[in-house]
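Take a look at the structure below.
Below, all heavy atoms of this structure are taken into account, side chains as well, without hydrogens, waters or symmetry copies. Just so you know, these numbers come straight off a predicted model, no measurement behind them. For reference, positions follow the sequence shown, starting with 1.
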Amino acid sequence: MLNDDLNRISLSGESYAIKCSLLVLEKIQDKYGDVGAFEDKIIVFERSDEDEKKIKVRYPDPEAVCDALFWFCQEGETIEAEKRGGKPKELTRDGLARKVDTTIFDIATELHREFMNCFRAKKENPTKMTEKKEHPQK
């Protein structure tokens, strides 16, 4: 991992690490068929069919938002527990959903941002040198 800093989300005053990793993408694919179908369920803003310059707001799917919240927090907690050498805290889907103290639009937007982090190119540290290994000629 090039950058192991985790993003965080605040739920009822508590901060939770979130991570949409390859393992989470696998869960998304298993339940929703493909990641694009899932994204369509959590995205809040889309271009208008009538006028591409206009953006319209739509309602995110509550089930998909709850799934994303649980899976991202669960993965973030697991990664943090591995870093501290302990066991992850027990998180439940219902427990996290009950702590949401903002609108579904706001939470879906934060989760969508984390989801999109899976697909962004990450820059390597420019001061970090990588060693190239020469392969012997046969």
Side-chain angles (χ1 to χ4, degrees):
M1 221 185 292
L2 296 175
N3 181 1
D4 58 356
D5 291 336
L6 297 174
N7 291 320
R8 303 197 73 79
I9 197 164
S10 180
L11 305 171
S12 295
E14 289 184 59
S15 178
Y16 293 86
I18 56 173
K19 180 68 175 177
C20 184
S21 68
L22 187 57
L23 294 171
V24 174
L25 289 177
E26 186 177 36
K27 290 177 185 179
I28 289 169
Q29 186 172 321
D30 286 348
K31 181 167 182 178
Y32 292 92
D34 70 45
V35 294
F38 174 77
E39 181 184 20
D40 286 344
K41 292 181 177 291
I42 65 167
I43 199 163
V44 174
F45 301 104
E46 67 181 346
R47 295 206 186 278
S48 172
D49 292 335
E50 300 86 38
D51 183 357
E52 286 195 22
K53 292 181 182 177
K54 289 186 180 178
I55 301 290
K56 65 180 183 178
V57 177
R58 64 179 174 160
Y59 292 97
D61 180 277
E63 181 180 12
V65 171
C66 285
D67 285 342
L69 179 63
F70 177 58
W71 292 334
F72 295 3
C73 286
Q74 191 176 45
E75 185 69 356
E77 175 56 30
T78 299
I79 291 167
E80 282 194 331
E82 285 176 359
K83 285 181 184 178
R84 67 179 179 259
K87 290 187 178 186
K89 292 181 230 168
E90 185 80 24
L91 302 175
T92 67
R93 187 179 184 279
D94 290 354
L96 289 168
R98 286 187 185 105
K99 289 184 175 201
V100 174
D101 56 353
T102 187
T103 69
I104 190 169
F105 298 105
D106 291 340
I107 196 80
T109 300
E110 286 187 64
L111 295 169
H112 182 256
R113 189 176 7 243
E114 177 60 27
F115 172 77
M116 291 308 296
N117 283 337
C118 285
F119 305 102
R120 288 195 176 91
K122 294 187 170 71
K123 295 180 182 178
E124 286 190 59
N125 184 345
T127 60
K128 185 178 179 180
M129 299 292 288
T130 55
E131 183 180 311
K132 289 186 180 181
K133 293 185 179 180
E134 298 283 330
H135 294 289
Q137 299 289 333
K138 290 186 180 180

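- Looking at K19 and N7, their side chains never come closer than 4.5 Å, going by heavy atoms from C-beta outward.
- At a threshold of 4.5 Å between non-hydrogen side-chain atoms, the residues F45 and T109 count as touching.
- When the side-chain hydrogen bond (donor to acceptor under 3.5 Å, both in side chains) test is applied to S21, the partners found at least two apart in sequence or on another chain are E75.
- The salt bridge (Lys or Arg N to Asp or Glu O under 4.0 Å) contacts involving residues 20-37 comprise K31-E63, K31-D67, where partners must be two or more places apart or lie in separate chains.
- Under the ring pair (Phe, Tyr, Trp, His ring centres under 6.0 Å) criterion, F38 pairs with Y32, F115, not counting sequence neighbours.
- Pairing each heavy atom of H112 with each of E39, the nearest pair is NE2-OE2, 2.7 Å.
- For the atom pair CD of E14 and NZ of K99, the computed distance is 3.5 Å after rounding to the nearest 0.5 Å.
- Residue pairs meeting the ring-ring contact (aromatic ring centres under 6.0 Å, His included) criterion with at least one partner in residues 55-109, sequence neighbours excluded, are Y59-F105.
- Between the NZ atom in K83 and the OG1 atom in T78 there is a gap of 12.5 Å [rounded to 0.5 Å].
- One distance of note links CG of L111 with CE of M116; it measures 13.5 Å at 0.5 Å rounding.
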Got a list of side-chain donor-acceptor pairs under 3.5 Å for residues 84-92, not counting sequence neighbours?
from, atom 1, to, atom 2, distance (Å)
R84, NH2, E77, OE2, 2.7
T92, OG1, G95, N, 2.9

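- In this structure, L96 and L11 have side chains that are in contact, with non-hydrogen atoms separated by less than 4.5 Å.
- Only one option out of V65, D40, I107 pairs with P60 in a side chain to side chain contact (heavy atoms under 4.5 Å, CB included); it is V65.
- In this structure the side chain of N117 never reaches within 4.5 angstrom of the side chain of C20, judged on heavy atoms.
- A distance of 8.5 Å separates CG in L23 from CD1 in I79, rounded to the nearest 0.5 Å.
- Closest approach of I18 and C73 over heavy atoms only: CG2-SG, 3.8 Å.
- In this structure, the side chains of I104 and V44 stay at 4.5 Å or more apart for every pair of heavy atoms.
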Steps toward side-chain contact (heavy atoms from CB on, under 4.5 Å) verdict (I9, S15): CA-CA 6 Å; I9 197 164; S15 178; over 6 Å; no
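- Rounding to the nearest 0.5 angstrom, the gap separating the CZ atom in R8 from the CD atom in E114 is 11.5 Å.
- For D61, there are no salt bridge (charged side-chain N to carboxylate O under 4.0 Å, His left out) partners at least two apart in sequence or on another chain.
- Once rounded to the nearest 0.5 Å, the distance linking SG of C118 with CG of L22 reads 8.0 Å.
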